[in-house]
Amino acid sequence: MSTTTVATIAAGATATATTTAAAGGPSGAASAVTRRREVRPAGTPRWAELAARATVWTTVPSGLWRLALGLGVPVGFSGELAEAFDHNTPGWGTAYLVALSGLAELLAFLTLGLVRPWGEVVPRWIPFLGGRAVRPLAAIVPAALGSAVLTLLGLTSLFGGWTEELSNPDAPQGSAGVIMTLCYLPMIAWGPLVAAVTVAYARRTLGRRR
């Protein structure tokens, strides 16, 4: 919408008329604004929405790496670790890795609730709770605790933990180790991103009660 507005101003009255017609007249433009507000609650900063979207992507590379491991794709393990993975993947180890990747992505996806209407009102399709307002602290406290844990884990990995893992001679080395590192590196941003979005959500929802 912002790009369209800038282009309209630059083009003048002719472009304004064209834009209005393409949107289906004033009513179409009003509908577009309404739809946008439904997607992003009033008072939600643009940066918070971008941070929430980025959060979802932080878990994708590592999830794909684990899925490859679960399907039996050689990812660089050797020795006893390679034997253990070869014995269990494909197999129950695959189910575990798929479940772990799915859980991580689900938790990351829930961050979007902090910048969406369903983070303030429970969707109506949910039994017993649908349509009820979400108490801000019911979302803020878990999100804050989760971001703290994730940030701590990320810092631990960043300052020695990951290097220690790779020091295992059976761990992926060389290019395989670089690929694994690059896949897990985005997760360091997971905690801080959730924290930032949580602060924005708290300011928006708790501010309404003052």
Hits for side-chain contact (heavy atoms from CB on, under 4.5 Å) against Leu193, two or more places apart or cross-chain, chain-then-number order -> Ala51, Ala54, Thr55, Thr58, Ala189
OG (Ser62) and CG (Leu69) are apart, to the nearest 0.5 Å, by 12.0 Å
By salt bridge (charged side-chain N to carboxylate O under 4.0 Å, His left out), Arg53 pairs with (sequence neighbours left out) Glu49
| message | Please tell me whether Leu100 and Phe85 are part of a single hydrophobic cluster in this structure, the criterion being side-chain heavy atoms less than 4.5 Å apart. | response | yes
Across all chains, not counting sequence neighbours, the salt bridge (charged side-chain N to carboxylate O under 4.0 Å, His left out) partners of Glu105 are none
Residues 136-164 vs ring-ring contact (aromatic ring centres under 6.0 Å, His included), sequence neighbours excluded, gives Trp162-Tyr184
Solution key, residues 144-155 side-chain donor-acceptor pairs under 3.5 Å, sequence neighbours excluded:
residue	atom	partner	partner atom	Å
Ser147	OG	Ala143	O	3.3
Ser147	OG	Ala144	O	2.8
Thr151	OG1	Ser147	O	2.7

Note: with side-chain heavy atoms under 4.5 Å as the link, the other cluster members for Val98 come out as Trp57, Val60, Leu64, Leu67
Tightest non-hydrogen contact, residues Phe77 and Ala171, listed as CD2-CA, 4.1 Å
- [ ] Determine, step by step, whether Thr205 and Glu120 satisfy the side-chain contact (heavy atoms from CB on, under 4.5 Å) criterion, reporting the C-alpha distance in whole Å, the side-chain angles of both residues, the deciding distance to 0.1 Å, and the verdict.
- [x] CA-CA 8 Å; Thr205 56; Glu120 299 182 17; 4.2 Å; yes
For residues 124-158, the ring-ring contact (aromatic ring centres under 6.0 Å, His included) pairs (sequence neighbours left out) are none
### Message
Test your reading of the model: is there a side-chain donor-acceptor pair from Gln173 to the backbone of Asn168, 3.5 Å cut-off?
### Response
yes
Tightest non-hydrogen contact, residues Tyr201 and Pro136, listed as CE2-O, 3.8 Å
Verify the cluster assignment for Met187 and Leu166: are they in a single hydrophobic cluster under the rule of side-chain heavy atoms below 4.5 Å apart?
yes
Check: Leu112 and Trp118 side chains under 4.5 Å, non-hydrogen atoms: yes
Nearest heavy-atom contact between Ala139 and Leu114 is CB-CD2, 4.2 Å
- request: Evaluate the side-chain proximity of Thr111 to Val56: yes if any heavy-atom separation is below 4.5 Å, no if none is.
  value: no
So side chain to side chain donor-acceptor pair (under 3.5 Å) across residues 71-84, not counting sequence neighbours, yields none
Nearest heavy-atom contact between Pro90 and Gly72 is CD-CA, 4.5 Å
For Cys183 and Pro61, the nearest pair of non-hydrogen atoms, with its separation, is O-CB, 3.4 Å
Members sharing Leu182's hydrophobic cluster, built from side-chain contacts under 4.5 Å between Ile, Leu, Val, Met, Phe, Trp and Tyr, are Val178
Residues passing the side-chain contact (heavy atoms from CB on, under 4.5 Å) test with Leu129, sequence neighbours excluded, are Val122, Ile126, Arg132
Residue pairs passing the side chain to side chain donor-acceptor pair (under 3.5 Å) test with at least one member in residues 86-99, sequence neighbours excluded, are Asn88-Trp92
Review point. Is there a donor-acceptor pair under 3.5 Å between the side chain of Arg204 and the backbone N or O of Val115?
Key: no
Residue pairs passing the ring-ring contact (aromatic ring centres under 6.0 Å, His included) test with at least one member in residues 131-154, sequence neighbours excluded, are none
Are Val194 and Leu185 connected, step by step, through hydrophobic side chains (Ile, Leu, Val, Met, Phe, Trp, Tyr) whose heavy atoms are closer than 4.5 Å?
no
Is Leu206 close to Ile140 at the side-chain level, that is, under 4.5 Å between some pair of heavy atoms? yes
